[in-house]
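A quick write-up on the structure given underneath.
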Amino acid sequence: MPRKIQILPESVAQAIAAGEVIERPASVVKELMENALDAGASKIAVELKAGGLQLIRVLDDGEGIDPEDVPVALQRYATSKIQRSEDLFAIHTLGFRGEALPSIAAVSQMTIKTRVPRSMSGTQLLCEGGKIRSTTEVGCPVGTEVEVKNLFYNIPVKRKFVKSIQTELRHSLNHFLRLSLAHPSVSFKFVHEGRILYEYLKTDSPRVRVEAILGREIYGHLQPIEFEEGETHLRGFASLPSFSKGNGDGIYLYVNRRFIKDRIIYKAILEAYRHVIPGGKFPVVILFVTLPPSAIDVNVHPTKAEVKFKDPDRIFRMVQGALSSALASPGSLKKREDVGDGMGQPPSLKEFPSLGSTKPYPIPLPLVGGDGEAVTVVREAWTPEWEVERKTPFRILGQVQATYILCEGAEGLILIDQHAAHERLLYEKYKKDHEIGSIPAEKLLIPIPMELSTEESFVLMSYLEEVESMGFEIDAIGERMVAIRTIPKLTEPFDPKGMVREFLEELSFVKREGKGREAIHRMLVSLACHSAIRANFVLRKEEMEGLVGALHSFHHSLTCPHGRPVFFVISPEELARQFKRKG
Ligand code: ADP
Ligand code: MG
């Protein structure tokens with residue numbers, strides 16, 4: 001019988017997009033999980049210690065590796081998945097390069113234990129720094145277990161680039177979630193330091209998996225999408241206009257069940273949502289594109305994170321079209337029931353009662369007036385030079401467009417953006433309150449239950465103390481259920497769940513960018529933004545006086561915490577020039 005795993009001929013090996021496959025523990029998790037999926041596993045367990053730096057173990061019940069093939073699998077370009085270069089254009093598996101196992105083996109201490117169904121015993125192979133130490137016969141269940149210890153132990157330079165345990169764990173979890181989302185018919189488990197963090201049981205309905213990963217609440221804002229044109233199918237879920245996020249993390253793209261990043265599809269999605277959700281906000285979209293393997297090239301990126309479409313314009317048009325028509329029908333929710341998820345039972349709304357209130361989820365207030373300005377701008381803190389001494393107080397002339405306060409002062413005619421101004425003042429107040437640990441808070445009579453997505457609960461776990469320092473008190477009441485018991489006392493009514501969600505988005509961003517120190521600043525900005533008076537809000541005379549009075553000692557270059565101006569000054573000279581007056 002010919003060997004199942006073959007070394008690719010030189011010519012094919014050369015056609016492979018070479019590159020560093022193993023950048024961090026998460027790359028190992030991804031590659032080993034992909035191998036397990038390619039082996040047809042129905043159960044996959046991932047276990048990590050110290051964020052994967054100490055140990056990564058991936059266990060599957062797939063087809064296993066033949067005893068004589070085990071050492072072969074560790075050679076470069078040894079794969080059972082393709083044989084000829086033509087096969088590169090007909091790829092049905094996640095792996096195909098025969099690079100992962102040897103790359104991992106080279107930088108760790110690796111043990112493979114594997115058994116094929118027709119064999120009574122299995123094989124155990126020990127390998128250190130790429131060198132095979134032993135191959136023995138062992139008793140083990142059908143399937144494969146790969147254990148990777150002390151990653152990069154022999155490459156100190158690489159170890160230096162590895163970040164904190166939490167960061168590395170997060171990267172691994174991302175891969176775990178992405179793969180779990182696309183393979184509902186497989187059971188997955190993720191264990192860190194002996195604790196089960198996530199477990200998803202296999203199901204024939206993709207929506208059950210989506211709900212399990214994103215949480216019931218977000219799931220409640222999704223509608224199924226289904227579209228077909230020729231041999232290309234689009235399936236998945238897209239958020240209704242009632243929901244949006246502050247970042248693009250909720251967009252999951254898959255091509256032939258491979259998670260990818262793709263600018264064209266991403267653009268098509270944002271285009272479809274352009275006038276549907278506020279500027280600067282993002283939808284949640286889980287999109288599975290299925291097309292013949294010959295219509296894409298998957299061999300373009302070292303970690304297989306991108307693909308190249310033969311006809312990208314067509315993909316753009318299809319994605320935008322499918323989403324736009326789903327969003328355009330005002331009875332989107334009804335459509336949800338009509339269409340079903342195209343992949344299983346039609347979801348019933350009754351089946352997923354929303355927890356807490358039955359009111360529609362309020363659209364989170366854009367941090368800035370919907371003008372798409374990035375929320376990530378961080379201006380320098382309040383500097384003393386912004387304080388000025390004015391002899392004459394501002395004289396309030398009135399409110400313009402229910403948004404600006406028009407005044408006269410020594411500098412000339414002054415327009416004040418009421419939201420930006422109030423936001424800045426509140427930000428400073430909350431910052432001071434926070435420093436002395438006394439953000440005013442109130443205990444709720446009835447706690448608000450909130451279901452978090454896997455990602456959100458992970459971020460909350462890492463930042464609970466910081467979130468609580470904002471005046472919240474949050475208790476875990478289930479695997480991903482929390483109860484909000486105390487909320488900050490803000491001047492304006494607000495949606496506590498929406499705010500916690502916004503915090504978590506901000507925190508997820510600062511964490512990813514390694515800007516942990518900004519966490520508090522970002523949350524204070526959110527608090528201020530939510531309690532500040534809005535634009536398009538008619539103010540009473542006393543309210544204007546209060547606000548303008550508080551601004552009296554500040555220079556006109558003052559900005560809101562997002563960096564937008566508070567004042568707009570038209571000097572007497574400017575007025576004279578406009579009216580063509582001399583001198
Ligand atoms: P690739 O996945 O690109 O083929 P890898 O280096 O990841 O390359 O794996 C090499 C070969 O080892 C695979 O082609 C497959 O035959 C075998 N293999 C690896 N992991 C498993 C597994 N978990 N179960 C069964 N076979 C496996
Ligand atoms: Mg592989």
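Note that this is a predicted model, so its numbers are computed, not measured.
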Can you check side chain to side chain contact (heavy atoms under 4.5 Å, CB included) on R209 and F188, steps first, answer last? CA-CA 11 Å; R209 181 60 55 89; F188 291 91; 3.3 Å; yes

Is E306 paired with R263 through a side-chain N to carboxylate O contact shorter than 4.0 Å? no

Pair Q75-I5, side chain to side chain contact (heavy atoms under 4.5 Å, CB included): steps then yes or no: CA-CA 10 Å; Q75 292 186 39; I5 305 183; over 6 Å; no

Taking the side chain as every heavy atom from C-beta outward, state whether M110 and L74 have any atom pair closer than 4.5 Å. yes

Output yes when a side-chain donor or acceptor of S187 lies under 3.5 Å from a complementary backbone atom of K202, and no otherwise. yes

For T93, is there any backbone N or O sitting under 3.5 Å from a side-chain donor or acceptor partner on D38? no

Can you find a heavy atom in the side chain of I286 that is under 4.5 Å from one in the side chain of Y252? yes

Counterpart residues, side-chain contact (heavy atoms from CB on, under 4.5 Å), relative to S185 (two or more places apart): none

Can I213 and R480 be said to form a side chain to side chain contact (heavy atoms under 4.5 Å, CB included), step by step? CA-CA 10 Å; I213 294 183; R480 280 196 330 247; 5.7 Å; no

Of all heavy-atom pairs linking P25 and E168, the shortest is CD-OE1, 3.3 Å

Expected output: side-chain S239 to main-chain V284 donor-acceptor under 3.5 Å: yes

Test of understanding: with ring-ring contact (aromatic ring centres under 6.0 Å, His included), list the residues that count as partners of F458, not counting sequence neighbours. none

For H530, is there any backbone N or O sitting under 3.5 Å from a side-chain donor or acceptor partner on R534? yes

Among all residues two or more places apart in sequence or in another chain, which pass the side-chain hydrogen bond (donor to acceptor under 3.5 Å, both in side chains) test with R258? none

Would you mind reporting whether N256 and V298 have side-chain heavy atoms less than 4.5 Å apart? no

Between R207 and P224, is there a side-chain heavy-atom distance shorter than 4.5 Å? no

Does E231 use its side chain to pair, donor to acceptor, with the backbone of P292 at less than 3.5 Å? no

Using a distance-only test with no angle check, is there a side-chain donor-acceptor pair under 3.5 angstrom linking S462 and R170? no

Using a 4.5 Å cut-off on heavy atoms from C-beta on, say whether the side chain of S164 contacts that of L169. no

Taking every non-hydrogen atom, the tightest pair across D60 and A41: CB-CB, 3.7 Å

With a 4.5 Å limit on heavy-atom distance, are the side chains of K261 and H301 in contact? no

After noting the C-alpha distance and the side-chain angles of F309 and R314, does the key distance pass the side chain to side chain contact (heavy atoms under 4.5 Å, CB included) rule? CA-CA 9 Å; F309 293 101; R314 179 166 167 262; over 6 Å; no

Nearest heavy-atom neighbours spanning S526 and E506: OG-CG, 4.4 Å

According to ring-ring contact (aromatic ring centres under 6.0 Å, His included), who are the partners of Y254, at least two apart in sequence or on a separate chain? F259, F288

Any salt bridge between E34 and K30, counting N to O under 4.0 Å? yes

Under 3.5 Å, sequence neighbours excluded: what are the donor-acceptor pairs made by side chains of residues 100-108?
from, atom 1, to, atom 2, distance (Å)
S103, OG, E99, O, 2.5
S108, OG, I104, O, 2.9

Does any part of the side chain of H521, heavy atoms only, come nearer than 4.5 Å to the side chain of V525, both counted from C-beta? yes

Can you name the nearest heavy-atom pair linking T79 to K81, along with the distance? OG1-N, 2.9 Å

List the steps, then state whether salt bridge (Lys or Arg N to Asp or Glu O under 4.0 Å) holds for E451 with K497. CA-CA 9 Å; E451 194 189 18; K497 281 203 270 189; over 6 Å; no

Is the shortest side-chain heavy-atom distance between V500 and V482 below 4.5 Å? no

Donor-acceptor contacts, no H, no angles, side chain residues 171-183, under 3.5 Å, sequence neighbours left out:
from, atom 1, to, atom 2, distance (Å)
H171, NE2, R24, NH1, 3.3
S180, OG, F176, O, 2.7
H183, ND1, L179, O, 2.9

So, T114 side chain and G143 main chain: donor-acceptor pair closer than 3.5 Å or not? yes

Could you tell me which non-hydrogen atom of L151 sits nearest to which non-hydrogen atom of R159, and how far apart they are? O-NH1, 2.8 Å

